[in-house]
Structure formats: structure tokens, C-alpha cells
J.: 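Sharing a structure, written as C-alpha cells. Questions coming.
To find a chain, count down the sequence lines: A is the first, B the second, and so on, and within it residues start at 1. Please read these numbers as outputs of a predicted model, since none were measured by experiment.
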Amino acid sequence: METQLSNGPTCNNTTNGPSNSNTEDSKTNLIVNYLPQNMTQEELKSLFGSIGEIESCKLVRDKITGQSLGYGFVNYVDPKDAEKAINTLNGLRLQTKTIKVSYARPSSASIRDANLYVSGLPKTMSQKELEQLFTQYGRIITSRILVDQVTGVSRGVGFIRFDKRVEAEEAIKGLNGQKPPGATEPITVKFANNPSQKTNQAILSQLYQSPNRRYPGPLHHQAQRLRLDNLLNMAYGVKRFSPMTIDGMTSLAGINIPGHAGTGWCIFVYNLAPDADESILWQMFGPFGAVTNVKVIRDFNTNKCKGFGFVTMTNYDEAAMAIASLNGYRLGDRVLQVSFKTNKTHKA
DNA sequence: TCCCATT
């Protein structure tokens, strides 16, 4: 039973069919991938706790920096709740991410370091074709082709994660330096970099590529020292800086602050009646927690609601609870659709 | 040339 909800064009769900060992663990323990960088373990627990009772929950963090690695585990008490979580939360879009929810495989050393980096792919090769090339070597857990953010065209590089490391090793032996069918150039297949090593390099390049300082070396000025301290603190998650501190650091302008959630969590409410007004949104969402803004989108000429609106809530867990409770809610003769707002444009 | 899938 494969779960195939929309999970982005370059992300598959080739995971955990019924061929897995049927231990109790495999039926209650879920892995959650592609979490937003700023999501905390408590928020993860809140979101999944809205489905049913959680036995344990863990957000995986970098051992050194404490930064979220973007995935976590949720272990339910009841296998039915685990199944329900997959059915209702897989493919959920949070900020820029589309989360993936699937059964966790039993933990073992043999499944670690099974991720391959593939380059030199024909630009025309699809994700499915990439999988077809690699599937002879083992069970593919995830595959991905990187695309140019602007044009959407393949960059000719991608990833294949196998179930077992030995499968990945065999794929390297079999495919590295080989030409895929119809291709003119050979591809390179090697183990992917360890994701946790990357964070530090990104921080260093931020430090050294800031406008006043392009070369590595000792820091002399007070402003630069402060900037270094702040960057390290932010990067290593030691503390969060108040907006005041950040405003005072003009040299920080242009640097994206990890973990900054913005003004709140925007919720998209669809299928409102033409005569809906703001008060109904306050009434519906207010009981779940702090609501800072509501808006009903209206037609400029008729002043009638165009069928949707937005609600901004301060706290993630309250927003998640409101969504879990109000999505599918019957308002009059209409069934509402409630979700976190996406970046998609909603045409009227 | 590197996508955050094993607590």
C-alpha cells in the first residue's frame, strides 16, 4: 500500500510497501521528511498529536550545531493513528516544503550512508527514468532530480537513496562512468556528501563573502566581531536574537536568518459563501489560539466574497490544531477546505 | 555539480 499524495515534482514516495517486516514497530513508527528548517520538535508533536496519542516523537538535529536536519520520527500508540497520519499529513505543504510521511524502516546500520549523488545526467531524463536506471540494483527509497529554480529545467544532477548501503555500492560499480541508454555522455555515480557537514561551510562562506570582507583571516573591528558572534550563535542555535539586536546590526542586512518564522502562520480558507465576512473567520479560528489577522477576499465590483479568505495565527501548534479541526468543517451548506497557505496562486 | 531518510 503505497501512499502517493502530491509531494512535489522531484520527490517520490517509493517507500515502505507491505514487504517490510511486520513488527508492531513498523506499524506505529513514522518518519517525517522535508520539514521546514524552523520547525521544532514541539511543533512536530503538536501537528501529529492532532491525529492521535503519540508514544514518542523526535526531531533529528545535527549533533554539533543543533540545527534541524529536516526530518523526524513520530511513534503512535495506535497503528490506526499512524495510518491516519500518513493519509492526512503526507503531502502537507508547510512554508516552502511539502512534507513526506511514511512508515519508518527498522533502524539498522545497513541502511545508513545509502544515498548516491548522480551527475552528468541527460537534461531530458525524468525522475522515473532515473529510477528505472537504478532499480535493478536494489530497493529505491527516494529519488530526486535537481532543477533550475527559475526555468524548472533539469540540472543534470540528482540523488538516489537505496534501502541498503550494499545496494548503493553495487549501483556505483554498475553505473559510474556508464552511458545511460540513448545518452551521449557517461554519468558519474558516487556516494553523496554527508548532509551535516555542509552547514558549517555555508556559514563560513556567508562570513567571508559579506561586502566588507571577502578574504579569510582574523577579524579586527568590533562590528565584525559582533557579526561573527551573531552568525555563529544563529548558526549553532545557541540563542535567538531579538529583532532589536538584529536591527542594530546594519551589517547583517541581506542575510537570511534561519529559524525566523516571519509574521505568523498564514492559513488558507476555501469555499466560503459569497456573503461571508471577517467575523465568521474570527469566530471559527479564535477559539484555537492567537489570531492576528483575518481577511475575506472580495470581488472589487460586487463586494461579494470570492470564496476564500486568509487567517494569520501566531503559534504553529494552534494553527495546526485549527486546520486539523476546521478542514472539512461544514459551514452552512458548504464544506470548508482549510490548510496552510501555499505559494501557489489561487485563481478566482 | 550535493537533494536535508534512521532516532
J.: Check for a donor-acceptor pair, side chain of A:Gln41 on one end and backbone N or O of A:Leu59 on the other, with a separation under 3.5 Å.
T.: yes

J.: Under 4.0 Å between any heavy atoms, over every strand shown, what does A:Tyr117 touch: base, sugar-phosphate, or nothing? Just pick one.
T.: base

J.: For B:dT6, does the base pair up with any side-chain atom of A:Arg112 as donor and acceptor (N or O, under 3.5 Å, distance only)?
T.: no

J.: Among the nucleotides B:dT7, B:dC4, B:dC3, which one has an atom lying closest to any side-chain atom of A:Lys97?
T.: B:dC4

J.: Taking atom C1' of B:dA5 as reference, at what distance in whole Å does atom CZ of A:Arg161 sit?
T.: 5 Å

J.: Whole angstrom is fine here: how far is it from CZ in A:Arg155 over to P in B:dT1?
T.: 11 Å

J.: Picking from B:dT7, B:dC4, B:dC3, which would you name as closest to the side chain of A:Asn115?
T.: B:dC3

J.: How close or far is atom P of B:dC4 from atom CG of A:Leu59, stated in whole angstroms?
T.: 15 Å

J.: I need the CZ-C1' distance between A:Phe159 and B:dA5, as an integer number of Å.
T.: 13 Å

J.: Check the distance between B:dC4's P and A:Leu116's CG and give it to me in whole angstrom.
T.: 16 Å

J.: Atom CD1 of A:Ile99 to atom P of B:dA5: distance rounded to whole Å?
T.: 14 Å

J.: Kindly point out which of B:dT1, B:dC2, B:dC4 is positioned nearest to the side chain of A:Thr188?
T.: B:dT1

J.: Pick the closest DNA chain B nucleotide for A:Lys63 and for A:Gly156 by heavy atoms, then say which residue is nearer the 5' end.
T.: A:Gly156

J.: Can you list every ring pair (Phe, Tyr, Trp, His ring centres under 6.0 Å) pair that touches residues 172-193 of chain A, not counting sequence neighbours?
T.: none

J.: Start with the C-alpha distance between A:Lys128 and A:Glu131, add both sets of side-chain angles, then the distance that settles salt bridge (Lys or Arg N to Asp or Glu O under 4.0 Å), and finish with yes or no.
T.: CA-CA 5 Å; A:Lys128 181 173 270 183; A:Glu131 286 199 13; over 6 Å; no

J.: Contact class for A:Ser68 vs. all strands (heavy atom < 4.0 Å): base, sugar-phosphate, or nothing?
T.: base

J.: Output yes when a side-chain donor or acceptor of A:Asn315 lies under 3.5 Å from a complementary backbone atom of A:Glu318, and no otherwise.
T.: no

J.: Quickly work out the A:Arg61 CZ to B:dT6 P distance and round it to whole Å.
T.: 17 Å

J.: Think A:Thr142 has a side-chain N or O under 4.0 angstrom from the OP1 or OP2 of B:dA5?
T.: no

J.: Enumerate the ring pair (Phe, Tyr, Trp, His ring centres under 6.0 Å) contacts for residues 53-83 of chain A, please, sequence neighbours excluded, ordered by first and then second residue.
T.: none

J.: What is the distance, rounded to the nearest whole Å, between atom CG of A:Asn33 and atom C1' of B:dT6?
T.: 10 Å

J.: Identify which nucleotide among B:dA5, B:dC2, B:dT6 has an atom closest to any side-chain atom of A:Tyr34, counting heavy atoms from C-beta outward.
T.: B:dA5

J.: Which nucleotide, B:dA5, B:dC3, B:dT7, lies nearest any side-chain atom of A:Arg144?
T.: B:dC3

J.: Select one nucleotide: of B:dC3, B:dA5, B:dT7, the one nearest the side-chain heavy atoms of A:Leu146.
T.: B:dC3

